[in-house]
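Structure first, commentary second.
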Amino acid sequence: MTLTHIYETLFGAYGPQGWWPLLGVAGTNPTKTGAIRGYHVGDYSFPRNDAERFEICAGAILTQNTAWPNVERALRALADRNVLSPQGVLSLAQPDLATLIRASGYFNAKARKLREFAAFYTGLAGQVPTRAALLDVWGVGPETADSMLLYAYGQEEMVVDAYTRRILGHLRLVKPVADYDTVKRFCARRLPCDLVVYQEFHALLVEHAKRHYQRMPYADPLLR
DNA sequence: AACCAGGACGTGA
DNA sequence: TCACGTCATGGT
């Protein structure tokens, strides 16, 4: 079972996922599970502007260990108040920001993370951040940094998350204890370095895991 | 009604 | 390094 085969199998089964979800983009994904919306299936021209870029980054922080529908509530609360922007986030006192993003969980920690990131983002002045610079921001770890680079900045950085580990571990392609960078290199070495492939691969693994890796014991009907 | 979700950080060994 | 506790809402 090669990663290319996994990719093609999942792509054949679910089709393009069109990540990252955006509030202003209607969900048209025929394979969507649950309440997830905001797809732009088959269109890889995103983000189309700076507002969408920041929304993706904010979502990457808010979705840490959190289900997307809750993240969407928080993002919508920010958008409704017209503060889903670096300036908007920084205009709020941290407790007020925390109240707005309450639904996403860990709201105190995430309010601080959003503010730290908004300040960093402003300092970028439109430049693409390096991975190392992102990792220096408090609240941005490896997965969050790679999600931002891959989906907000169009950089070919493989995203490894709990689902990636779960699926690849179940298929015995990686050890369950392998660290982030080990799994990342494993994937990067075996898939073509292509933006579409990277974006879809991560999204497809999430979709597949949501369908078949929610509860033990796993019985994967597609991969083995 | 426990269990978990597209993690990251701080601490003590 | 590494294992473990902490942060917290909402769906199943």
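Here is how names work: the chains are called A, B, and so on, in the same order as the sequence lines, proteins then strands, and each is numbered from 1. It should be emphasised that the depicted structure is a prediction, and the values quoted were computed from it without experimental measurement.
- Distances from the side chain of A:Asn70 to the nucleotides C:dA8, B:dA8, C:dG10 place C:dG10 closest.
- When the shell of 6.0 Å around CG of A:Asn82 is examined, it contains 12 or fewer heavy atoms from other residues, nucleotides or ligands.
- Side-chain N/O atoms of A:Arg73 include one lying less than 4.0 angstrom from OP1 or OP2 on C:dG11.
- Residues A:Leu22 and A:Glu55 meet the side-chain proximity criterion, which asks for heavy atoms closer than 4.5 Å.
- Here B:dA5 presents its P atom at 9 Å from CZ of A:Arg215, a figure rounded to the nearest Å.
- We find that CZ of A:Arg112 is positioned 9 Å from P of B:dC9, with the value rounded to whole Å.
- Among B:dG7, B:dA5, C:dT9, the nucleotide with an atom closest to any side-chain atom of A:Ala162 is B:dG7.
- Computed from coordinates, the A:Arg102 CZ to C:dA8 C1' distance equals 9 Å when rounded to whole Å.
- Here the C1' atom of nucleotide B:dC4 and the NZ atom of A:Lys210 are 12 Å apart, to the nearest Å.
- Rounded to an integer number of Å, the gap from CD of A:Gln214 to C1' of C:dG11 is 11 Å.
- Here A:Thr63 does not reach the OP1 or OP2 of B:dG7: none of its side-chain N or O atoms lies under 4.0 Å away.
- For the P atoms, the distance linking C:dA8 with B:dA1 amounts to 25 Å, nearest Å.
- Each of A:Asp179 and A:Gly105 was assigned the nucleotide of DNA chain C with the nearest heavy atom; the assignment lying further toward the 5' end belongs to A:Asp179.
- For A:Arg190, the CZ atom sits in a packed shell: over 12 heavy atoms of surrounding residues, nucleotides or ligands are nearer than 6.0 Å.
- Between the side chain of A:Arg224 and the main chain of A:Met1, no donor-acceptor pair closer than 3.5 Å is present.
- Atom CD1 in A:Ile61 sits about 21 Å away from atom P in B:dA5, given to the nearest Å.
- Contacts of A:Asn65 with the nucleic acid, taken as non-hydrogen atoms under 4.0 Å apart, include base atoms.
- The distance between atom CG of A:Leu134 and atom P of B:dG7, rounded to the nearest whole Å, is 17 Å.
- Taking the six-membered ring for Trp and the full ring otherwise, the centers of A:His208 and A:Tyr213 sit less than 6.0 Å from each other.
- Note on ring orientation: taking the six-membered ring where Trp is involved, the planes of A:His202 and A:Trp19 are perpendicular (angle over 60°, cut-offs 30° and 60°).
- Residue A:Asn108 has a polar side-chain atom (N or O) positioned under 4.0 Å from OP1 or OP2 of C:dA8.
- Looking only at side-chain heavy atoms (C-beta outward), A:Phe201 and A:Val159 stay at 4.5 Å or farther from each other.
- Among the atoms of the strands shown, only primed sugar atoms or phosphate atoms (P, OP1, OP2) are found under 4.0 Å from some heavy atom of A:Val140.
- Minimum atom distance to the side chain of A:Ala103 is reached by C:dT9, of the listed C:dT9, C:dA8, B:dA8.
- Comparing A:Arg166 and A:Gly139 by the nucleotide of DNA chain B whose heavy atom lies nearest to each, the residue mapping closer to the 5' end is A:Arg166.
- C:dT9 atom P lies 5 Å from atom CZ of A:Phe107, rounded to whole Å.
- Of all nucleotides listed (C:dG11, B:dG10, B:dA5), B:dG10 comes nearest to the side chain of A:Trp138.
- Using a 4.5 Å heavy-atom cutoff, the side chains of A:Gln199 and A:Gln17 are not in contact.
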With 3.5 Å as the limit, what N/O pairs link the protein to nucleotides 3-5 of chain C?
none

